[in-house]
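Structure, as structure tokens:
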2 protein chains.
Amino acid sequence: MIFTYMCQSCGCSFRSRDFGTIERFVEPCILLLLSKEPAHGYGLLEGLETHCGEKVDVGDLYRTLRRMERDGWVNSTWERKENQRDRRIYTITEEGRAFLKHAVASLRQTDELIHHLFSGYRKVYPEGKAL
Amino acid sequence: MIFTYMCQSCGCSFRSRDFGTIERFVEPCILLLLSKEPAHGYGLLEGLETHCGEKVDVGDLYRTLRRMERDGWVNSTWERKENQRDRRIYTITEEGRAFLKHAVASLRQTDELIHHLFSGYRKVYPEGKAL
DNA sequence: ACACATATATGTAAATATCATATATTAGTT
DNA sequence: AACTAATATATGATATTTACATATATGTGT
């Protein structure tokens with residue numbers, strides 16, 4: 001048995017990092033936030049924490065944004081203002097909106113798989129209605 | 001723009017592999033199947049394809065099973081029968097059931113995050129009821 | 001003898017996530 | 001003036017996870 005992780009929500013311990021994370025989930029979250037208004041990387045942090053359920057790694061965020069720009073999902077321009085450090089402002093593109101739409105559709109399938117697991121679990125482990 | 005992937009369900013294209021996959025989702029699926037009855041690796045393939053929504057890499061499956069045994073979630077014994085190749089039969093352990101329970105609880109949070117994204121998406125892109 | 005399905009397993013590379021660190025600017029404090 | 005902290009962007013190094021290919025062995029049918 002190699003248990004190295006202690007779960008904060010239910011107190012149980014298990015191997016490595018938290019379970020249930022969706023690969024690159026931060027990307028549609030970024031695109032949704034940028035759909036509302038352009039923003040700079042640091043300014044996205046708070047909204048992303050809400051959407052992702054935990055603090056987002058800042059370094060990862062910046063690297064992701066550059067990658068998304070390389071892939072054509074966002075554009076960026078430098079914003080220069082008095083009494084403020086230069087910020088790189090990101091704007092969503094049409095390709096970005098297309099991917100967001102796809103991601104949402106794809107996550108519906110993911111959602112179905114999760115609920116399929118839930119129903120299977122309930123059948124095998126009934127023990128009361130609440131879980 | 002670097003689009004290298006063509007989505008089979010909606011026809012759109014985007015970078016790298018399919019979106020929406022949950023890290024190590026195969027593990028609770030394996031544990032759920034083994035909760036019903038012991039099984040060998042190859043015999044799990046069909047059930048896992050249903051639960052995971054696509055074919056599971058066979059090599060990955062075997063490696064995952066050995067890792068889960070190392071972590072104490074399953075046990076294995078060799079089954080020897082006439083007219084049949086030796087099979088390694090896996091059985092779920094108490095630790096395995098504990099992790100499955102945790103995984104289900106954790107996936108409920110994942111589910112909430114997905115639906116939070118959905119509701120945010122609907123607000124920004126209303127366009128009709130159905131999506 | 002051959003092809004094919006079953007069955008288990010490993011090698012290698014790519015993609016992704018994590019943790020640490022570097023750099024620069026602004027605002028407030030001692 | 002020196003310091004501390006928050007803001008802001010970015011990279012280096014490592015670990016984890018996934019994907020794809022390959023190796024090996026057995027049983028079944030032709």
Side-chain angles (χ1 to χ4, degrees), chain A residues 2 4-5 14-30 38-49 52-71 74 76-90 103 110, chain B residues 2-5 14-30 38-49 52-71 74 76-90 103:
Chain A
I2 301 179
T4 59
Y5 182 87
F14 60 94
R15 174 172 50 76
S16 83
R17 51 188 172 188
D18 202 1
F19 185 83
T21 57
I22 296 172
E23 266 182 24
R24 289 164 31 219
F25 186 69
V26 76
E27 297 182 20
C29 295
I30 289 171
H40 64 289
Y42 202 86
L44 290 168
L45 276 178
E46 199 178 346
L48 287 177
E49 185 173 352
C52 296
E54 61 184 4
K55 281 216 187 321
V56 172
D57 184 86
V58 190
D60 193 27
L61 171 59
Y62 283 109
R63 213 161 348 209
T64 299
L65 283 167
R66 303 309 301 273
R67 195 181 56 198
M68 290 170 74
E69 183 170 26
R70 188 199 66 198
D71 291 349
V74 295
S76 76
T77 50
W78 282 102
E79 176 192 72
R80 287 162 214 282
K81 274 190 185 173
E82 287 294 317
N83 304 333
Q84 188 188 265
R85 221 203 108 158
D86 287 1
R87 294 164 160 184
R88 191 189 283 275
I89 305 293
Y90 286 94
T110 304
Chain B
I2 302 178
F3 284 152
T4 59
Y5 183 88
F14 61 94
R15 173 173 51 77
S16 81
R17 50 189 171 187
D18 202 1
F19 186 82
T21 58
I22 295 172
E23 270 183 21
R24 289 165 31 221
F25 187 69
V26 75
E27 297 181 20
C29 295
I30 289 171
H40 65 289
Y42 201 86
L44 290 168
L45 275 179
E46 199 178 346
L48 288 178
E49 185 173 351
C52 295
E54 60 183 4
K55 280 218 188 318
V56 172
D57 183 85
V58 191
D60 193 27
L61 171 59
Y62 283 109
R63 216 167 340 215
T64 300
L65 283 167
R66 304 309 302 274
R67 195 181 55 198
M68 290 170 74
E69 183 170 27
R70 190 197 65 197
D71 292 348
V74 296
S76 76
T77 50
W78 282 102
E79 177 193 72
R80 286 161 215 283
K81 274 189 184 174
E82 287 294 318
N83 302 335
Q84 188 188 265
R85 223 203 107 157
D86 288 0
R87 293 165 160 184
R88 190 189 283 275
I89 305 294
Y90 286 95

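Remember, it's a predicted structure, so these values are computed and weren't measured experimentally.
Atoms CG (Leu45(B)) and C1' (dT6(C)) sit 10 Å apart, rounded to a whole Å. We find that CD of Glu79(A) is positioned 14 Å from C1' of dT25(C), with the value rounded to whole Å. Rounded to whole Å, the distance from NE2 on His40(B) to P on dA5(C) is 16 Å. Protein atom CG of Leu61(B) is 16 Å distant from nucleotide atom P of dC20(D), rounded to whole Å. To the nearest angstrom, P of dT25(C) lies 17 Å from OH of Tyr42(A). The nearest whole Å value for the distance from the CZ atom in Arg87(A) to the C1' atom in dA24(C) is 15 Å. The interatomic distance linking Arg80(A) (CZ) with dA24(C) (P) rounds to 15 Å, in whole Å. We find that CD of Gln84(B) is positioned 9 Å from P of dT8(C), with the value rounded to whole Å.
Residue order along DNA chain D, read from the 5' end via each residue's closest nucleotide, puts Arg63(B) first among Lys81(B) and Arg63(B). Closest-nucleotide positions on DNA chain C for Val26(A) and Tyr90(B) were compared, and the one nearer the 5' end corresponds to Tyr90(B).
If you check dT16(C), dT8(C), dA8(D) against the side chain of Glu23(A), the one that comes closest is dT16(C).
Partners of Glu54(A) according to the side-chain hydrogen bond (donor to acceptor under 3.5 Å, both in side chains) rule, which considers only residues two or more places apart in sequence or in another chain, do not exist here. In this structure Glu46(A) satisfies the side-chain hydrogen bond (donor to acceptor under 3.5 Å, both in side chains) test with no other residue, sequence neighbours excluded. Partners of Asp60(A) under the side-chain hydrogen bond (donor to acceptor under 3.5 Å, both in side chains) rule, at least two apart in sequence or in another chain, do not exist in this structure. Annotation: side-chain hydrogen bond (donor to acceptor under 3.5 Å, both in side chains) contacts of Lys81(A) (sequence neighbours excluded): none. When the salt bridge (Lys or Arg N to Asp or Glu O under 4.0 Å) test is applied to Arg88(A), no partner is found at least two apart in sequence or on another chain.
For Arg88(A), a side-chain nitrogen or oxygen approaches OP1 or OP2 of dA10(D) to under 4.0 Å. At the phosphate of dT8(C), OP1 or OP2 sits under 4.0 Å from a side-chain N or O atom of Tyr62(B).
Contact annotation: side chain of Arg85(B) to base of dA25(D), donor-acceptor pair present below 3.5 Å.
Here the side chains of Trp78(A) and His40(A) are not in contact, with every heavy-atom distance at 4.5 Å or above. Taking 4.5 Å as the limit, some side-chain heavy atom of Thr64(A) sits within range of a side-chain heavy atom of Met68(A).
Contacts between residues 53-60 of chain B and DNA chain C, defined by a heavy-atom separation below 4.0 Å, involve Val58(B), Gly59(B), listed by number.
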